[in-house]
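First comes the structure, then the notes that go with it.
Each ligand, and each atom within it, is numbered from 1 in the order the structure gives.
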Amino acid sequence: MIKIKKRKILLLPGDGIGPEVIEEVKKIINWLNKNKSLDFEIDEDLAGGCSYDKHGTPITDEVFYKALESEAVMLGAVGGPKWDNLDFSKKPERALLKLRKELKLFANLRPAICFKQLVDASTLKPEIVSGLDIMIVRELTGGIYFGEPRGIKPIDNGERKGINTHTYTSSEIIRVAKVAFDLAKKRSNKVTSCEKSNVMEAGQLWREEVQTLHDKEYKDIELNHMLADNCAMQLLRNPKQFDVIVTDNLFGDMLSDQASMLTGSLGLLPSASLGAKNKDGKMRAMYEPIHGSAPDIAGTGAANPIATILSFGMALKYSLDMDKEAQNLENAVQTVLDDGLRTKDIMSKGNKEVTTSQMGDAIISKLK
Ligand code: NAD
């Protein structure tokens with residue numbers, strides 16, 4: 001067999017169930033290397049609490065530079081009660097924030113898809129969620145999570161004051177809006193932009209810049225503006241009205257978690273964080289499931305690996321230009337669900353409960 005492609009992928013399994021779900025991705029990569037004449041070069045290292053335990057820091061410079069040199073970073077999850085009382089700068093989550101910030105991963109893509117086989121796992125009525133397929137594009141490196149000044153300081157009357165600053169520049173808004181419009185072109189040509197322009201100047205700027213960009217470059221796409229609180233309500237009332245939603249860091253954090261629950265389980269939803277393309281059309285990117293390290297089920301074999309496997313599918317699509325392999329993987333997941341295999345989190349009557357590793361093996365057995 002002729003080897004045709006050599007691609008560098010950095011795996012950062014992290015903490016809790018992270019290593020368990022990343023293990024299933026490793027199996028898939030090995031399958032692709034063996035059966036599809038691909039040549040993925042896998043490197044694996046520490047990030048999060050496990051890195052703090054070994055090196056006293058949530059991510060070492062060495063790992064950070066490996067991430068810079070990889071075509072795609074696949075992360076499991078970080079954090080857990082063991083590290084809850086650490087200083088903010090040492091917390092496992094700092095690894096994620098550093099990677100997102102320093103790799104300039106400004107666009108977080110979170111699809112919320114309701115698999116037809118799992119309609120009953122949602123807390124909403126089947127007719128509201130059946131066939132749901134929306135994409136939330138969250139700005140990831142700006143806004144109130146990074147704005148200065150920030151901190152907690154004493155004030156005159158003996159009280160303390162907590163300060164965070166919500167700030168966006170035109171270019172930060174435009175680059176993420178472009179990602180949303182470009183995605184909409186490949187989907188249903190519809191973008192909803194969310195902010196709080198009624199009470200926040202940064203929200204007013206957001207709305208104006210998105211509209212101006214639309215009028216200049218994306219006239220053929222339907223653009224709606226919606227206040228973020230209304231969007232939260234509409235996501236529950238009639239989620240299928242949306243195709244692509246673009247919003248800032250804070251509102252995106254909340255709206256994407258809310259959208260994820262429309263689909264029934266955190267264990268099913270992938271995400272991609274993308275940076276800008278360079279001259280050669282290559283971009284930095286990190287892929288991860290949206291769930292956390294689930295310490296309550298770590299080590300029990302109950303973790304659902306599908307979110308992480310579909311995150312790898314997004315890496316195939318967005319970083320590695322392997323749309324066919326991505327589709328193959330998505331189809332394999334669908335077939336396994338059609339066959340009635342379920343991890344504990346999505347188990348229902350009449351189906352067969354399987355472990356993390358059995359789910360991974362079943363998906364591999366359906367790859368073509
Ligand atoms: P969580 O997502 O880890 O778990 C929430 C609930 O969902 C738990 O009951 C868990 O068992 C279940 N769950 C999550 N993923 C699952 C999967 N793949 N299969 C089956 N069930 C799954 O959120 P949490 O409990 O709020 O946080 C736990 C730790 O994870 C915290 O330390 C938190 O800071 C961290 N966290 C990390 C990330 C990340 O690494 N990106 C994201 C969120 C939370």
Side-chain angles (χ1 to χ4, degrees), residues 11-25 46-53 58-59 63 67 73-88 90-101 103 105 108-110 112 115 118 121-123 138 140 145 249 252-254 256-273 286-312 314 333 336-337 341-348 351 353-360 363:
L11 302 179
L12 299 174
D15 309 313
I17 62 168
E20 299 166 43
V21 290
I22 286 286
E23 184 59 33
E24 302 313 305
V25 168
L46 302 178
C50 55
S51 171
Y52 175 80
D53 287 347
I59 184 163
V63 174
V73 178
M74 277 287 322
L75 184 110
V78 297
K82 185 177 172 193
W83 302 284
D84 274 355
N85 296 325
L86 288 178
D87 181 70
F88 199 61
K90 305 263 186 224
K91 278 191 190 292
E93 289 76 7
R94 293 311 294 179
L96 280 186
L97 294 181
K98 175 162 176 165
L99 284 166
R100 286 174 185 165
K101 184 83 186 164
L103 298 182
L105 307 177
N108 183 227
L109 275 49
R110 283 196 184 192
F115 292 103
L118 300 172
S122 173
T123 48
R138 164 188 168 194
L140 205 57
Y145 291 171
N249 205 345
D253 197 0
M254 292 188 253
S256 56
D257 263 21
Q258 188 187 337
S260 71
M261 280 322 290
L262 300 174
T263 71
S265 169
L266 282 176
L268 295 170
L269 294 175
S271 80
S273 302
M286 181 160 78
Y287 300 86
E288 54 184 311
I290 69 157
H291 60 73
S293 59
D296 53 332
I297 56 165
T300 66
N304 188 341
I306 291 181
T308 314
I309 289 172
L310 292 176
S311 302
F312 178 62
M314 291 182 89
V333 169
V336 166
L337 294 175
L341 299 191
R342 304 279 188 271
T343 42
K344 200 172 190 170
D345 55 315
I346 51 172
M347 182 58 190
S348 58
N351 293 309
E353 190 172 317
V354 293
T355 62
T356 312
S357 150
Q358 287 167 335
M359 179 59 94
I363 291 169

Across all chains, not counting sequence neighbours, the side-chain contact (heavy atoms from CB on, under 4.5 Å) partners of Ala294 are Ile17, Asp296, Ile297

- prompt: Do other residues, nucleotides or ligands put more than 12 heavy atoms under 6.0 Å from the CG atom of Asp84?
  reply: yes

Contact set, ligand 1, heavy-atom distance under 4.0 Å, ordered by chain/number, equals Ile17, Ala77, Val78, Gly79, Gly80, Glu93, Leu96, Leu266, Gly267, Glu288, His291, Gly292, Ser293, Ala294, Pro295, Asp296, Ile297, Ala303, Asn304, Asp345

Across all chains, not counting sequence neighbours, the side-chain contact (heavy atoms from CB on, under 4.5 Å) partners of Pro289 are His291, Ala307, Thr308, Ser311

If you count heavy atoms of other groups shown closer than 6.0 angstrom to NZ of Lys344, is the number above 12?
no

Taken in chain and number order and not counting sequence neighbours, the residues that satisfy side-chain contact (heavy atoms from CB on, under 4.5 Å) with Leu268 are Phe115, Leu118, Ser265, Asn304, Ile306, Ile346

Query raised in the report: Is the closest basic N to carboxylate O distance between Lys82 and Asp53 below 4.0 Å?
Result: yes

